[in-house]
2 protein chains.
Amino acid sequence: MSEKTLSPDDIRAQWAVERPDLATEPMALIGRMGRLARVLSEAMEATFARHGLNYASFDLLATLRRSGDPYALTAGDLMAQMMITSGTVTNRINRLEAQGLVVRRSDKNDARRAIVALTEAGFAVIDRAVEDHVATQKRLTEMLSAEEFVQLDGLLRSWLDRL
Amino acid sequence: MSEKTLSPDDIRAQWAVERPDLATEPMALIGRMGRLARVLSEAMEATFARHGLNYASFDLLATLRRSGDPYALTAGDLMAQMMITSGTVTNRINRLEAQGLVVRRSDKNDARRAIVALTEAGFAVIDRAVEDHVATQKRLTEMLSAEEFVQLDGLLRSWLDRL
DNA sequence: TCCATTTATCTTGACGTCAAGATAGGTGGA
DNA sequence: TCCACCTATCTTGACGTCAAGATAAATGGA
């Protein structure tokens, strides 16, 4: 009935009434992880948008940029590093190519391969965007004390390792 | 060049070479949060799939189920609680209605309102699915010690509060 | 040399999501 | 009573993503 959003704890409280047999401690933790990921994503998307990008395009440009000179990778490399399917890679490349931020070249040794390279415009955009992105991430994390930061990073790292 | 996926730490190492001026400590932490959220989501989606559901449909059915008898909310309530737009609510309802898991009724006092209620089939599906879901969440979190669990939950909670 | 097999990328169709706008019903003041 | 405005939901069009399959090129063994 309530016209309001519920916190993960509110949701647990509802389940406690309706299904008191369920152990919902993990639900609150995982729910908070999800909320946090969402809030962080929204803040980062706003940063990308200031540079005419979104997560998908930032991700691809950043992958090329940090791969170092000559700022070029095959579609397959991009697929692996961005952890997406081949169709999604194709789509991301197409959109960035239309914006003039990357170019497709063919590999002289293997005509099946598509080599994707940053254009000068793409290089300029991602170099500016990543600075802004880092500043946003700093802002988002600086409400954690140094000790909290280290603790959280350690917990996330070991959980991820065990999964 | 590498045909491999990179850890958040690998990514930081690449940036350290290409853009040593950037302070990327937050990037590793936020990156790990994102990876973790993704791994957890994939595991939970697999659970939903065993019941013919996905995240979207589980979310709506669960919202109705835990709202308690008579397991019915307006589209607006669902929009607020699920934190999605009105168009997305309409879409989710349509799909679940086609599966016979919810029904739309009109509100006698306000013809603009769409009241969405669980069917018997919907109730049965969500009651089974949520048990499986809770078991999956238990499995995902039980690699954390009790102490780690409490620490992590506390850190996430306070970070979220401050954001 | 040939061709069956493997590899790299692209295409197609289906989903879930959102922003913006359309539609229809409700409400309050003149 | 009317109508301008507000509210609740639905529609439309655009994206990003994936799974599955199509296409084209490389490879290796007979």
Side-chain angles (χ1 to χ4, degrees), chain A residues 1-4 34 37-38 41-42 44-46 48-49 52-61 63 72-99 101-117, chain B residues 1-4 34 37-38 41-42 44-46 48-49 52-61 63 72-99 101-117:
Chain A
M1 286 303 159
S2 58
E3 261 290 3
K4 291 191 65 282
R38 180 174 174 152
S41 291
E42 282 167 1
M44 295 188 294
E45 286 285 355
F48 301 148
L53 303 174
N54 58 17
Y55 172 74
S57 50
F58 178 90
D59 189 24
L60 196 152
L61 295 179
T63 301
L73 294 170
T74 67
D77 293 334
L78 289 167
M79 175 169 66
Q81 288 197 33
M82 298 191 293
M83 299 188 290
I84 56 181
T85 62
S86 63
T88 301
V89 172
T90 299
N91 189 39
R92 287 187 182 184
I93 297 168
N94 287 344
R95 292 186 180 281
L96 283 167
E97 196 172 34
Q99 293 176 73
L101 302 180
V102 304
V103 286
R104 262 195 188 86
R105 296 196 299 246
S106 55
D107 186 327
K108 289 178 177 53
N109 302 323
D110 186 342
R112 293 171 304 177
R113 285 198 164 85
I115 295 180
V116 182
Chain B
M1 283 303 161
S2 58
E3 261 288 3
K4 291 192 65 284
R38 179 174 174 151
S41 291
E42 282 167 0
M44 295 189 294
E45 286 285 356
F48 301 148
L53 302 174
N54 58 17
Y55 172 75
S57 50
F58 178 91
D59 189 24
L60 196 152
L61 294 179
T63 300
L73 294 170
T74 67
D77 293 334
L78 289 167
M79 175 169 65
Q81 288 197 34
M82 297 191 293
M83 299 188 291
I84 56 181
T85 62
S86 63
T88 300
V89 171
T90 298
N91 189 39
R92 287 188 182 184
I93 296 168
N94 287 344
R95 291 186 180 281
L96 284 167
E97 196 172 33
Q99 294 176 71
L101 302 181
V102 304
V103 286
R104 263 195 187 86
R105 295 196 300 247
S106 55
D107 186 326
K108 290 178 177 52
N109 303 323
D110 187 341
R112 291 170 306 177
R113 285 198 164 85
I115 295 180
V116 182

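In what follows, every chain begins at residue 1, and chains take the letters A, B, ... in the order their sequences are listed.
If you measure from atom OH of B:Y55 to atom C1' of D:dG16, you get 18 Å, rounded to the nearest angstrom. Distance, A:M82 CE to C:dT9 P: 12 Å, rounded to whole Å. Between B:L53 atom CG and C:dC15 atom P there is a gap of 15 Å when expressed in whole angstrom units. Here the C1' atom of nucleotide D:dC15 and the CG atom of A:N54 are 8 Å apart, to the nearest Å. Rounded to an integer number of Å, the gap from A:F48 CZ to D:dG16 C1' is 15 Å. Across the protein-nucleic acid pair, A:M79 atom CE and C:dT7 atom P stand 12 Å apart, rounded to whole Å. Residue B:Q99 contributes atom CD, which lies 13 Å from atom C1' of C:dC15 at whole-angstrom precision. Atom-to-atom, CG of B:L60 to P of D:dT9 comes out at 13 Å; the value is rounded to the nearest Å.
Rounding to the nearest 0.5 Å places CG of A:L73 at 6.0 Å from CD of A:Q81. Note that OG1 of B:T90 is 6.0 Å distant from CD1 of B:I93, once rounded to the nearest 0.5 Å. From A:R95, atom CZ reaches atom CG of A:L60 across 13.0 Å, with rounding to the nearest 0.5 Å. Separation of atoms CD1 (A:I115) and CZ (A:R104) is listed at 12.5 Å; rounding is to 0.5 Å. Atom CD of B:E45 is separated from atom CG of B:L53 by 10.0 Å, given to the nearest 0.5 angstrom. Here the OG1-CG distance, from A:T74 to A:D110, works out to 9.5 Å after rounding to the nearest 0.5 Å.
The side-chain contact (heavy atoms from CB on, under 4.5 Å) check on A:A117 picks up A:A72, A:V103, A:R105, with sequence neighbours excluded. Residues satisfying the side chain to side chain donor-acceptor pair (under 3.5 Å) test with B:S106, not counting sequence neighbours, are none.
Residues B:A75 and B:V89 share a closest heavy-atom pair of O-CG1, 3.8 Å. Across B:M79 and B:T85, no two heavy atoms sit closer than the pair SD-C, 3.9 Å.
Mapping A:A56 and B:A75 onto DNA chain D by nearest heavy atom places B:A75 closer to the 5' end of the strand.
For the helix from C:dT1-D:dA30 to C:dA30-D:dT1, the rotation axes defined at the first and last 5 base pairs enclose an angle of 10°, given to the nearest 10°.
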Below 3.5 Å between N/O atoms, which protein atoms pair up with nucleotides 22-28 of chain D? Just atom names and distances, please.
unit_1: D:dA26; atom_1: OP1; unit_2: A:A111; atom_2: N; d: 3.0

Can you name the atoms? Protein N/O to nucleotides 1-3 of chain D N/O, anything below 3.5 Å, with the distance.
none

| side-chain contact (heavy atoms from CB on, under 4.5 Å) assessment of B:R92 paired with B:L78 | CA-CA 10 Å; B:R92 287 188 182 184; B:L78 289 167; over 6 Å; no
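Only A:S86, A:G87, A:T90, listed by number, bring a heavy atom of residues 83-98 of chain A to less than 4.0 angstrom from any atom of DNA chain C.
Side chain to side chain, B:T88 and B:N91 fail the donor-acceptor criterion of an N or O pair below 3.5 Å.
Aromatic ring pairs are classed by plane angle as parallel below 30°, tilted from 30° to 60° and perpendicular above 60°; the pair B:F58 and B:F48 is parallel.
For the pair A:R104 and C:dC10, the criterion of a side-chain N or O lying under 4.0 Å from OP1 or OP2 is met.
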